[in-house]
Amino acid sequence: MSTLFANGTRTSPSLLDIRDLRVWFDTPRGLVRAVDGVDLSVRPGRTLGVVGESGSGKSVLARAVMNILAPNALTFPDSRISVDGQDLRTISKDQARHLWGSQVSMVFQDPMTSLTPVLTIGRQLTEVLRHHLGMDRAAARRRAEDLLRQVGIPEPAKRLRQYPHNLSGGMRQRVTIALAVSCDPRLLIADEPTTALDVTVQQQILELLDQLRAENGMGMILITHDLGVVAGHADEIAVMYGGRIVERAPTRVLFGAMRHPYTRALVRSIPRIAEPSHTRLHAIPGRPPVIIDPPPGCRFAPRCPNARPRCLSEDPALRRTGDDDTHSHACFFPVGTPEGEAAFAANLRDGRTAAGLTVTEGSRL
Amino acid sequence: MYRMNATALAVLRRLAKLVLVLFLVSVAAFLLLELIPGDPLDTLLPEGATAETRAQLEELYGLNDPMVARYLHWLGGALQGDLGRSFQTQLPVTQAILERVPVTVELAALSTLLALVVAVPFGVYAGYRPGGVLDRVVTFLVSLTLSVPNFLMGILLIFVCAVTLGLFPVSGWVPWEEGAGEHLRSVALPVLTLASAEIVVFVRLLRNDMVATLQQDFALAARARGLPTAWVLFGHALRPSSFSLVTVLGVSLARLIGGTVIVENLFALPGVGTLVINAISSRDYLMVQGIVLLVATVYVVLNTAVDLSYPLLDPRVRKS
Ligand SMILES: Nc1ncnc2c1ncn2[C@@H]1O[C@H](COP(=O)(O)OP(=O)(O)OP(=O)(O)O)[C@@H](O)[C@H]1O
Ligand code: SF4
Ligand SMILES: [Mg+2]
């Protein structure tokens, strides 16, 4: 792959291209490997869903792309993030000035905290327009009004004069979306854009994002911990665990054949309202790890019902599955394959996995 | 409309509180004199004064009336600017204080202004890159300055800037009327001495609050919008980071106006600080009382001003 980009003659077909991203945090407890070797790409006009439990490194991934990592973050020198084929490490100051916020922008999880409390909505919108698009005050004002209208905010002229605390959560998230799309970005990263909102508002916000993506032809990364959300809104899905991508496939392919035990466990943990009330809700046993000095082997092994001795000594790499070119996973004993079946059967016989997790018929994925 | 009313109401309530506190301050200042052991007349009367003179004076100062009556009488006078006469000079206390206040206020205002002008940019940029070169230099200078007492700093400045370099006079006060340039040269070292102590406090506060603010979502979001760093720092992050700064600013300004005792004495400046030292050492009680009243009033008024300024820092406060 890398030679394709290194010769400089061919540009990437992807909008965003991430190669071997590693972001560790220097903490008193040690180095926290928040993102530990992630490769992914997003194509124009497409939505990539990034799914994973809390702490799997989704926000750190997003912040690495936006260049807003905390001061204690260490990004590996070999990690590469490129936008439209431009390596962000080598980009000139001039190009950088109108990249973030203009070409690439982001919507944060909590609209209650992601707008500046001391500035009016109008001021926050117009300053972006004036900086990136060089508009004058009046033009920026008019455009800001249009933008608010576009994201479905009634009485935009009045809203411009208000402060964030005057607006409801849903309205605020619309404002942050208006801010994010104000300069027609090529890529929008939405980090759990609906988690903090009412259920009824969640769907509206997701539909708004879909609509804006379709209108502007921008690429999108939709981050969530809810596979159900990405199922309806993403073209492709990357499942993250412990700072790595453990399974990746186009949405339809993934839902047709989930191979990684963690992906399966995630799906099973979604409450299904349609199912009879006696259906057992499967929570994933154990907790997501904070990864400091990890032992060798698969990061999911302590929670995986398929874990065999090999899983504790070797690190599974993300590779294509046999059956589909677009589908990759990082697992030695994938679900729904003879290897996986055999591994589970062996663990069931022993009553426990190689990592010591108790296994019963009910743990089958 | 509703919000305006709520704001006005909050301001009124704050002002009512101010009046109440000022009343308590006046009681305290009054009691100060009442509770001093011994008879204040002892210091006033020449040694071996006759009982007759004493009685006359008691009559004159109304010392035989009941306490409440004396308080009301004193308060009535104070409200009209009459704080009695100095035992020492026989001049009105108010006049003596008013002569000194401009010097002290000028010192306080100039040093606070200088401290802000220096501390805000350094605090903001040190907080922007914690652990960076600027931050480390600032932290080092702060700890260095903190370990030097004010008077030592003054002596140091006198030695370096006045004695060695001859840039400024060693001490003394040149009034405005005798030339602006000379005047400013005479206040430069005292102002620098006072400001150096303020700067380190301000820089540390602002730097720490800035570091915290810049990790908040809204500051990250502003950075993610690609805005110029200065816009993010000064437009988005500075105001939400300046609550502690404004609070301390009010307190320290009040303290400075109350008399910059050490520095005024060191530089032989005719301010409230030298006046109060003088009054205390010569047991000039009415003078001390007048200064206490002034200082306490300045404190209370400035604190109210600080409280009333919070809504300017954060519009969310305006609602409640
Ligand atoms: N500044 C930091 N210092 C130390 N550790 C950090 C820092 N930021 C994030 N981490 C750690 O990195 C890991 C990944 O965090 P991240 O915020 O990316 O998770 P997430 O997948 O976004 O979770 P959530 O669903 O809760 O938002 C976590 O273990 C977290 O504790
Ligand atoms: S089977 Fe092994 S490799 Fe696969 S997820 Fe479980 S522990 Fe990891
Ligand atoms: Mg997150």
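In the text below, chain A, chain B and the rest are named by the order of the sequence lines, each starting its count at 1. Here the structure is a predicted model, which means the values were calculated and not measured.
Using a 3.5 Å distance cut-off with no hydrogens or angles, the side chains of B/Tyr310 and B/Thr247 do pair a donor with an acceptor. Counting only N and O atoms by type, the side chains of A/Arg22 and A/Thr75 include no donor and acceptor under 3.5 Å apart. In this model, no donor atom of one side chain and acceptor atom of the other lie less than 3.5 Å apart for A/Ser56 and A/Glu53.
Contacts between residues 191-220 of chain B and chain A, counted as heavy-atom pairs separated by less than 4.5 Å, involve B/Gln215, B/Asp217, B/Phe218, B/Leu220. Within residues 57-73 of chain A, the residues having any heavy atom closer than 4.5 Å to a heavy atom of chain B are A/Arg63, A/Met66, A/Asn67, A/Ile68, A/Leu69, A/Ala70, A/Pro71, listed by residue number.
For residues 101-152 of chain A, the set of pairs meeting the ring pair (Phe, Tyr, Trp, His ring centres under 6.0 Å) definition, not counting sequence neighbours, comprises A/His98-A/His131, A/His98-A/His132, A/His131-B/Trp231. Within the structure, salt bridge (charged side-chain N to carboxylate O under 4.0 Å, His left out) pairs that include any residue of residues 159-186 of chain A comprise A/Asp84-A/Arg186 (at least two apart or interchain).
A/Leu197 approaches A/Gln202 most closely through the heavy-atom pair O-NE2, 3.1 Å. Between B/Ser147 and B/Leu144 the shortest heavy-atom distance is OG-O, 2.7 Å.
Contact check on B/Asp135 versus B/Arg129 returns no salt bridge, with no Lys/Arg side-chain nitrogen under 4.0 Å from an Asp/Glu carboxylate oxygen. Between A/Arg141 and A/Glu145, none of the side-chain N atoms (NZ, or NE/NH1/NH2) sits under 4.0 Å from a carboxylate O, so this pair counts as no salt bridge.
Ranked by heavy-atom pairs under 4.5 Å with chain B, the list A/Ser105, A/Ser182, A/Pro117, A/Pro185 is led by A/Pro117.
One finds the CG atom of A/Leu188 at 11.0 Å from the CG atom of A/Leu15 (value rounded to the nearest 0.5 Å).
Looking at A/Glu127, the atoms closer than 4.5 Å to chain B (heavy atoms on both sides) sit in the backbone and in the side chain alike.
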